A.B. asks: 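For reference, the structure I am asking about is given below.
Note that these values count all heavy atoms, side chains included, but never hydrogens, waters or copies made by symmetry. All of these numbers come straight from a predicted model, not from anything done at the bench.
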Amino acid sequence: MQFKYPELLYALFLLVIPIIVHLFQLRKFQKEEFTNVKFLQRVILQTRKSSQLKKWLTLLSRLLLMACLIIAFAQPFFTANDNATKPQETVIYLDNSFSMQAKGQKGELLKRAIQELLETLPEDEVFTLLTNTDRLKNTTLRESRNEIQEITYDAQSISVNTALIRAKNEFSKTKDVVKNFVAISDFQINDDPFQQTPEEISVNFVQLSPVNKDNLSVDSVYVKDRGINSITLATKISSTGSLSGTLPVALYDGNTLLAKTSVQLKENSTSETIFNIQNPESINGNIRVEDTGLQYDNILYFSINKPDPIKVIAISDVDDSYLKKLYKSPEFELITSTTAQLDYNQLNNANCIILNEVLQLPNGLATILNKVTAANGTVIIVPAQEANINSYNSLFNQLGLSPFSELKTQEKQITSIVFAHPIYEGVFDKRIDNFQYPKLQSYFTTTTTANKVLGYQDNSSFLEQTGNVYRFTAALNSQNSNFKNAPLIVPTFYNIAKQSLKGGTLYYTINNANSLDVNVALPQDDILKIESENGSFIPLQQNFNSKVQITTNELPELANNYVVKNENQELLKLSYNYNRDESELTYQNISQLENITINNQVSSFFKQMQQDNSITDLWKWFVIFALLFLCIEILLLKFLK
């Protein structure tokens, strides 16, 4: 038994006073004179022993009465454990990722967890609540009931290890405090396994489990084939659990149904289904399935825009027919010119500029090319065999490239391909080590630290990249090289030009760093905004001469079809989707973790936590005992003869 005010127990020493009073007869007798004995009251005879017994019983009842009152004021209590009397700090992590949409016995896991928190947490208990993105610091249920009720699913998910690190920052630095960390989650298998329990923190896990682990998910969509008047889309759909059979899949443009098909699924597998769209100039599309599992992954948004032509300017002093074959309309807008007929005003609006074996670089060209690369434009340099090396090296110096040393006349083969380079992404089905090597008769030597894209057998560079500048070290004309007849020339030139203008992909993923170019020339003070039916926001953007580069990260928050607008003018369609990492309903086995309290219900855990920290007050019982001994004293004085 413990006491809230133990110093009051010193008052028990005062019980000596009534004992002293009873032990010493301190009463004085008073003499009364009277004349007639008939006025005397009848005397009740008592023995000495009975008189002493009554006195001791009365003394005992009074001592017990006073002792009970003193102990009651000291407020005695019992505790369930030693930590119950220490200050408590509680941090609750509530997982609100999309996997918590799964249904338990009493509804969706997240909604049921919120309801049980509201029902079992004491109104005035101070706690900190963390979700995947938000926090309520040192609050009570009375203060934050509305905020807790409004917690919704979020596309961002964190591991329990990350949640514990965040919780450590919420606890105070005081040592003599009981620190409780409570994680309420389904503990998906894709989370990082829990590492170690901190000694200074009491870790408690509440693992919520769905009754049905079946789920259907639209994972991705991509262009499988593109014709003149049609486009073929391939969609990957996966199932987890025991879900299998033939399931319907629908394709919509906004809310208009374009096509419907079916997909044959096996348990825990991924299948592909095909949609063919006719005349797809511009579509705000989405692909939908229906199931009883998670709902966030049943719809995948995508956008198809009418492609803007990429502006390519080729400055040539030799035959450039191969460039005209590579850069065809409507995908590209190719302008060819000789150095003598060059219109410098056109260069400022180009996405890609090609110096195709120019003999003498014009004065002032380097300054313009510097501006183009600074505006995220791309420059491709193909040197001429009889080039003026000094004019080229002057250009290289301004572009931050190493100079050419000399022209060597020696046959070399192009044997090395950097398959991981972005311009060859998706070009090769597998790594090729044995192919018909292109060769050349002469090349320029250089000492460079640029990124090699294509190389010779001695590991030196044939094509290298520095920022937005791609430089060949040899001429490509037919007399010097057969590279123009090799299959490599098509993906090399095509993809370099394609990357000079980052067009919108079919869709982007929320919470990822996404970058795209909008092919529009804006006045200096104008800004672009991204809109949907749910609202609009202004993205991070950088204005260049002929385009605007948009970067999105934290926004938007909702998966949907969006539109890029300049005031009321629609420029580009965009789509954003949630990451599909939460779709697989497989969970960790946390029963083997040590030094962790594990439960499977929010309500039962917090009820048990309250019982473990409960304090049983006893002062009321001592007040009752005091009243009881008072009654006993009265009865002794009145009835004991």
Side-chain angles (χ1 to χ4, degrees), residues 81 83 88-117 120-121 127-133 135 151 153-154 156-171 178-215 240-242 268 293-294 579-613:
N81 58 59
N83 291 330
Q88 303 269 339
E89 293 181 3
T90 302
V91 176
I92 303 171
Y93 163 63
L94 179 59
D95 181 8
N96 63 330
S97 60
F98 283 117
S99 65
M100 295 285 282
Q101 280 185 344
K103 293 180 174 59
Q105 293 181 347
K106 298 181 180 179
E108 295 181 14
L109 298 181
L110 177 62
K111 293 181 179 179
R112 186 58 192 171
I114 293 173
Q115 185 62 33
E116 292 185 3
L117 277 175
T120 55
L121 278 175
F127 61 92
T128 296
L129 180 65
L130 303 177
T131 65
N132 293 336
T133 53
R135 78 166 181 170
I151 293 176
Y153 301 102
D154 196 277
Q156 183 173 336
S157 61
I158 62 174
S159 66
V160 179
N161 292 309
T162 304
L164 181 55
I165 292 172
R166 288 174 54 187
K168 286 181 181 179
N169 297 328
E170 302 296 335
F171 288 120
V178 179
K179 300 173 182 178
N180 299 307
F181 171 68
V182 184
I184 304 172
S185 174
D186 56 358
F187 296 92
Q188 270 194 302
I189 200 72
N190 56 9
D191 286 346
D192 297 330
F194 190 68
Q195 300 296 330
Q196 189 175 2
T197 305
E199 294 181 358
E200 71 277 8
I201 299 177
S202 173
V203 178
N204 309 274
F205 286 171
V206 181
Q207 185 173 26
L208 306 179
S209 300
V211 293
N212 183 5
K213 298 179 182 179
D214 296 341
N215 185 50
T240 58
S242 59
N268 295 311
L294 304 181
N579 194 300
R580 275 6 189 201
D581 289 345
E582 301 283 311
S583 296
E584 189 173 351
L585 302 183
T586 54
Y587 305 99
Q588 299 181 39
N589 180 13
I590 62 173
S591 60
Q592 307 300 323
L593 298 177
E594 297 180 354
N595 302 322
I596 295 176
T597 303
I598 298 174
N599 210 308
N600 56 11
Q601 284 187 347
V602 176
S603 58
S604 61
F605 168 77
F606 281 103
K607 287 178 182 177
Q608 184 62 44
M609 187 176 178
Q610 292 171 25
Q611 291 176 4
D612 293 342
N613 296 324

A.B. asks: Mind listing the closest non-hydrogen atom pair of Ala102 and Leu294 along with its distance?
C.D. replies: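 Smallest interatomic distance, heavy atoms only, reads N-CD2, 3.4 Å.
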A.B. asks: Between Ile92 and Ile184, is a side-chain contact (heavy atoms from CB on, under 4.5 Å) present by the stated rule, with each step listed?
C.D. replies: CA-CA 8 Å; Ile92 303 171; Ile184 304 172; 3.9 Å; yes
A.B. asks: State, with a plain yes or no, whether a side-chain heavy atom of Ile598 is found less than 4.5 Å away from one of Ile590.
C.D. replies: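 When only atoms from C-beta onward are counted, Ile590 and Ile598 do touch, with a gap below 4.5 Å.
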A.B. asks: Could you tell me whether a side-chain N or O of Asn599 sits under 3.5 Å from a main-chain N or O of Thr597, the two making a donor and an acceptor?
C.D. replies: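 Flag not set: sc Asn599 to bb Thr597 has no pair under 3.5 Å.
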A.B. asks: Out of curiosity, Phe127 CZ to Asn180 CG, how far, rounded to the nearest 0.5 Å?
C.D. replies: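 Going from CZ on Phe127 over to CG on Asn180, the span is 13.5 Å.
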A.B. asks: Does either side chain, that of Thr133 or that of Gln156, offer a donor lying less than 3.5 Å from an acceptor on the other one?
C.D. replies: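 No, no side-chain donor-acceptor contact under 3.5 Å.
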A.B. asks: Checking the side chain of Asn204 only, and the main-chain atoms of Phe181 only, is there a donor and an acceptor separated by less than 3.5 Å?
C.D. replies: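 Side chain of Asn204 to backbone of Phe181: a pair is present.
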A.B. asks: Would a 4.5 Å heavy-atom cut-off, applied to side chains only, mark Phe171 and Val91 as touching?
C.D. replies: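 With C-beta onward as the side chain, the pair touches.
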A.B. asks: Mind checking whether Tyr587 and Ser99 have side chains closer than 4.5 Å, heavy atoms only?
C.D. replies: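 No; the side chains remain at least 4.5 Å from each other.
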A.B. asks: With distance as the sole criterion, is a donor-acceptor pair present between the side chains of Tyr153 and Glu582 under 3.5 Å?
C.D. replies: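 No, no side-chain donor-acceptor pair sits under 3.5 Å.
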A.B. asks: Search all heavy atoms of Arg166 against all heavy atoms of Thr131 and return the closest pair with its distance.
C.D. replies: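 Nearest heavy atoms, Arg166 then Thr131: NH1-O, 3.0 Å.
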A.B. asks: Evaluate the side-chain proximity of Thr586 to Thr240: yes if any heavy-atom separation is below 4.5 Å, no if none is.
C.D. replies: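 Contact flag for Thr240/Thr586 side chains = no.
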A.B. asks: Give the C-alpha distance, both sets of side-chain angles, the deciding distance and a yes or no for side-chain contact (heavy atoms from CB on, under 4.5 Å) between Arg112 and Leu208.
C.D. replies: CA-CA 10 Å; Arg112 186 58 192 171; Leu208 306 179; over 6 Å; no
A.B. asks: What heavy-atom pair brings Gly104 and Val211 nearest, and what distance separates the two atoms?
C.D. replies: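 Closest pair (atom of Gly104, atom of Val211, distance): C-CG1, 3.8 Å.
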A.B. asks: Just how far is it from atom NZ of Lys213 to atom CG of Asn268, taken to the nearest 0.5 Å?
C.D. replies: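 Spacing of NZ (Lys213) from CG (Asn268) equals 11.5 Å.
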A.B. asks: Quick one: are Val160 and Phe205 in side-chain contact, heavy atoms under 4.5 Å?
C.D. replies: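 Yes; the side chains approach each other to less than 4.5 Å.
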A.B. asks: State, without any angle test, whether Asn96 and Asn132 hold a side-chain donor-acceptor pair at a distance under 3.5 Å.
C.D. replies: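 Yes, a side-chain donor-acceptor pair sits under 3.5 Å.
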A.B. asks: Is Gln188 reaching over with its side chain to a backbone N or O of Glu584, donor-acceptor style, under 3.5 angstrom?
C.D. replies: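 Present.
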A.B. asks: Is there a side-chain contact between Ser583 and Asn215 (heavy atoms, below 4.5 Å)?
C.D. replies: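 Yes, close enough: below the 4.5 Å cut-off.
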A.B. asks: Is the backbone of Ser97 close enough, under 3.5 Å, to the side chain of Asp154 for a donor and an acceptor to pair up by distance?
C.D. replies: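 Looks like no, no N/O pair under 3.5 Å.
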A.B. asks: To the closest 0.5 Å, what do you measure between OG1 (Thr90) and CG (Leu121)?
C.D. replies: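 Reported value, rounded in 0.5 Å steps: 8.5 Å.
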A.B. asks: If the threshold is 4.0 Å, N to carboxylate O, is there a salt bridge linking Arg135 and Glu170?
C.D. replies: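 Salt bridge present between Arg135 and Glu170.
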A.B. asks: How many angstroms lie between atom CD of Gln588 and atom CG of Asp186, to the nearest 0.5 angstrom?
C.D. replies: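 Here the rounded value is 9.5 Å.
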A.B. asks: So Leu109 and Asp95, side-chain contact (heavy atoms from CB on, under 4.5 Å) or not? Walk me through it.
C.D. replies: CA-CA 10 Å; Leu109 298 181; Asp95 181 8; over 6 Å; no
A.B. asks: Take atom NZ in Lys103; do more than 12 heavy atoms of anything else shown fall under 6.0 Å from it?
C.D. replies: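 Yes, the 6.0 Å shell around NZ holds more than 12 heavy atoms from other groups.
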A.B. asks: Are the side chains of Leu110 and Leu94 in contact, using a 4.5 Å heavy-atom criterion?
C.D. replies: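 Yes; the side chains approach each other to less than 4.5 Å.
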